[in-house]
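Read through the structure below, which is laid out as structure tokens, and then see the notes.
Below, chain A is the first sequence line, B the second, and so on; all start at residue 1.
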Amino acid sequence: MKTGPAIAVKGLTKDFRIGLRGLKLRAVDNVSFEIPRGQVFGLLGPNGCGKSTTLKIILGLVSPTAGEVSILGFPFATTSARSRTGFLPEAPYFHKFLTGRELVAYCARLSGVKSESVNPAVEEALALTAMTEAGDRTIGTYSKGMLQRIGLAQAIVHDPELVILDEPTAGVDPLGSAAIGQMIKAMKAKGKTIVLCSHLLGQVEQVCDRIAIMDRGKLVLEGRVDDVLTRRDQSIITVENLTPEARRAAEEILAQHGARVTSLTHPRRSLDDLFRELVTGSRDA
Amino acid sequence: MPDFMKASLTRISWMTRLTFLEAIRQRFFAFLILLSAALVLSSVSLRFLDFGHGELKFVCDFGFGGMFLFGSVLAVVMSAQLFFAEMDNRTALTLLAKPVSRTEFLVGKFLGVWLVLGVFIFTLSTLLGIILWARCQELTVAAIEVGKAPPELSITGLFSYTGMQWARLGVVAAMILMVASLARTFLFTVIVGSMLVVAGQLQWLAQETLLKPSDLNIFSKLLLTVSTYIIPNLQQFNIGDALTLDHGSVADGAVTLALFSGSCYIVVFLFIGSLMFQRREI
């Protein structure tokens, strides 16, 4: 097994040519970041900020104009890299005539799962995504939530080291979203690296170890969730085992103002606030 | 066989299966196969329009015509449709994010389409074979009664012709997939693909013109020469009458040569298509 980060992106730039005159549209602008192994990484940003293009480049579906990408130590877009990666596309569409079980088995075979291991792998993936009972229904009959879950099953059936989820909760009700959140936590517990693109910032805050925020093709922030959300210029004091005298003195002073000391920690702003602050004048407001 | 090659063949075979399953579920396929079967069956009742030719030849021509025409339509439309369905429905996004190379994707698509074309052409051929055999039995009895020579029919020749048509449709399917891997829309692919098929059917004219002494200028000669290499001669596969009713009239090696050149064109078209598909953004 190769060492190093799960994903390393360096100076990634992507220009699209549009119109007959070939005008250049820069979708991704000199983006660099690293995702350590075993972490859940949230890639955030408003629609059209370049998240999906970045993911497509990482998966080798789109070629970059400039920059370097490696996945699990392998050059991106190689079979070695993709066989260790699972991908759930945004608003997934699968062949409607297949049953859920057939689709997952089919994806297992395409991903290199040996024939004798296909059935156990399929059942495990269906169980993890709570799709065992609906597995024999054709995909055309699935609800949006079920489509997302079967999409997740096809992404993890070959037990990849890296799972990339593009809007896994899009169009899913809150219960379904919570269930997907639980699945992400379960995958993290198994040591997987997960890249999550989502607009559900509350969920991202709960499940992610690190986040990156993109706006207009640029990376405007990247770091550990705790670090980026903590206000270092303010403090909350948590006091325990104080001497009675000191405590009394402090409480007396605070009581005069109707307050009580219970903890000392750093105050946090919400991810929603941070997101809105960074992505000013969001085009999709 | 090395492991990587085995893995690649496994992926191609699964792409082929999926394409085949998708294709045979399409109403267009069912419609064309029923229409063609009806045409072949109707040839028996329309044999009084034989224009002075032998009855079996008329039935043969009718059946081969149906196979040729509807097979070509099916090859053009279905190859383009199955390719663009994957792009437009974004199922290609899921498939190509797997360790499936774009060449494997394209070859799997081709083999899936070719398999469907095989089902189409061999179903019709079997139907035509049954009709020809039954009618041949009746005509043989009648000929013996009046002391004439019985009509000649080669069922082996019929299936040789079917194999030739299958190879021709394979060339057409590979050509359409090559165009599709470059084109942006289904309509463009069907129109350009159809034009190439027509050009392929008429390519023998270019060959004949070049062989004859003529006063063509250098530019025209060059254009014709290049076209004879780029565009496959699809007419060389249409030797059904000779194979089925007059086996002796087929030139030695004609079948082998046609199959060999067909195989070469399939490989070249898929190779070019694969090169162009590598650059396509999904």
Side-chain angles (χ1 to χ4, degrees), chain A residues 14 16-17 27 52-53 55-65 74 76-98 102-103 105-115 118 138-140 147 150-151 154-155 157-158 160 162-164 166, chain B residues 2-30 81-109 111-112 116 184 275-282:
Chain A
K14 175 65 189 174
F16 287 110
R17 298 272 168 194
S52 291
T53 305
L55 289 188
K56 283 182 178 178
I57 293 172
I58 289 171
L59 288 159
L61 299 170
V62 170
S63 53
T65 306
F74 296 95
F76 81 114
T78 56
T79 309
S80 307
R82 284 202 294 239
S83 63
R84 291 164 174 82
T85 308
F87 175 54
L88 169 66
E90 184 185 358
Y93 186 99
F94 304 113
H95 297 90
K96 286 182 181 173
F97 56 85
L98 295 175
E102 283 171 343
L103 172 79
Y106 170 69
C107 289
R109 293 312 307 266
L110 284 182
S111 302
V113 177
K114 299 236 181 301
S115 55
V118 168
T138 53
I139 290 170
L147 270 178
I150 205 71
Q154 63 80 29
V157 67
H158 56 297
L162 170 67
V163 183
I164 297 176
D166 193 1
Chain B
D3 279 353
F4 76 90
M5 204 178 277
K6 214 184 283 180
S8 177
L9 288 177
T10 304
R11 290 192 291 269
I12 289 172
S13 76
W14 281 90
M15 281 300 309
T16 304
R17 281 188 210 193
L18 188 72
T19 307
F20 179 75
L21 278 177
E22 192 175 4
I24 56 166
R25 280 172 163 82
Q26 292 196 356
R27 286 182 190 162
F28 182 66
F29 173 71
Q81 203 273 329
L82 287 171
F83 182 87
F84 280 99
E86 297 277 16
M87 298 298 140
D88 298 342
N89 295 332
R90 303 198 309 157
T91 44
L93 205 66
T94 312
L95 295 174
L96 292 171
K98 309 263 174 234
V100 177
S101 73
R102 296 194 181 197
T103 305
E104 290 165 353
F105 177 88
L106 205 65
V107 172
K109 282 271 147 230
L111 292 176
V116 173
R184 288 278 144 202
L275 285 181
M276 290 192 289
F277 193 40
Q278 305 294 327
R279 299 172 59 85
R280 192 183 184 113
E281 296 187 336
I282 309 294

Please state whether the side chain, the backbone, both or neither of [X] comes within less than 4.5 Å of a heavy atom of chain B.
X      : answer
A/L98  : side chain
A/A91  : both
A/Q154 : both
A/K114 : neither

When you measure from the centre of the six-membered ring of A/F16, is the NZ or CZ of A/K14 under 6.0 Å away and within 45° of the axis?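 Relative to the ring axis of A/F16, which defines the angle, A/K14 lies inside both limits.
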Ring-face cation contact, B/F277 with B/R102, 6.0 Å cut, 45° max: yes
Those residues of residues 4-14 of chain B, ordered by number, that approach chain A below 4.5 Å (heavy atom to heavy atom):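 At a heavy-atom separation under 4.5 Å, chain A is reached by B/T10, B/R11, B/W14.
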What residues of residues 91-98 of chain B sit under 4.5 Å from chain A when you count only heavy atoms?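 B/T91, B/L93, B/T94, B/L95, B/L96, B/A97, B/K98, listed by number.
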Nearest non-hydrogen partners of [X] and [Y], listed with the distance:
X     : Y      : result
A/P64 : A/F76  : CD-CZ, 3.7 Å
A/L88 : A/A155 : N-CB, 4.1 Å
A/F74 : A/A81  : CB-CB, 4.0 Å
B/M15 : B/G108 : CB-CA, 3.7 Å

Segment of B/Q278 engaging chain A (4.5 angstrom heavy-atom cut-off): neither
Suppose we screen for side chain to side chain donor-acceptor pair (under 3.5 Å). Which residues come up paired with B/S101, at least two apart in sequence or across chains?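 So B/S101 forms no side chain to side chain donor-acceptor pair (under 3.5 Å) with any residue.
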Which residues pass the side chain to side chain donor-acceptor pair (under 3.5 Å) test with A/T79, sequence neighbours left out?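 Once residues adjacent in sequence are excluded, A/T79 has no partner under the side chain to side chain donor-acceptor pair (under 3.5 Å) criterion.
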Just so I understand: if I count every heavy-atom pair under 4.5 Å between each of [options] and chain B, which residue has the most?
options                : answer
A/V62, A/I164, A/T85   : A/V62
A/F87, A/F94, A/F97    : A/F97
A/L59, A/L61, A/T78    : A/L61
A/S111, A/G112, A/P160 : A/S111

Is there a donor-acceptor contact under 3.5 Å from the side chain of B/R279 to the main chain of B/L275?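 No; judged by distance alone, with no hydrogens or angles, the pair does not exist.
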Applying side chain to side chain contact (heavy atoms under 4.5 Å, CB included) to A/S115 and A/R109, what does each step give before you reach the verdict? CA-CA 7 Å; A/S115 55; A/R109 293 312 307 266; 3.6 Å; yes
Do [X] and [Y] come within less than 4.5 Å of each other through their side chains, counting heavy atoms only?
X      : Y     : value
B/I282 : A/K56 : no
A/T138 : A/K96 : no
A/P89  : B/R90 : no

Looking at B/I24, B/L82, B/T19, which hits side chain to side chain contact (heavy atoms under 4.5 Å, CB included) with B/V116?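 With B/V116 as partner, side chain to side chain contact (heavy atoms under 4.5 Å, CB included) holds for just one option, B/I24.
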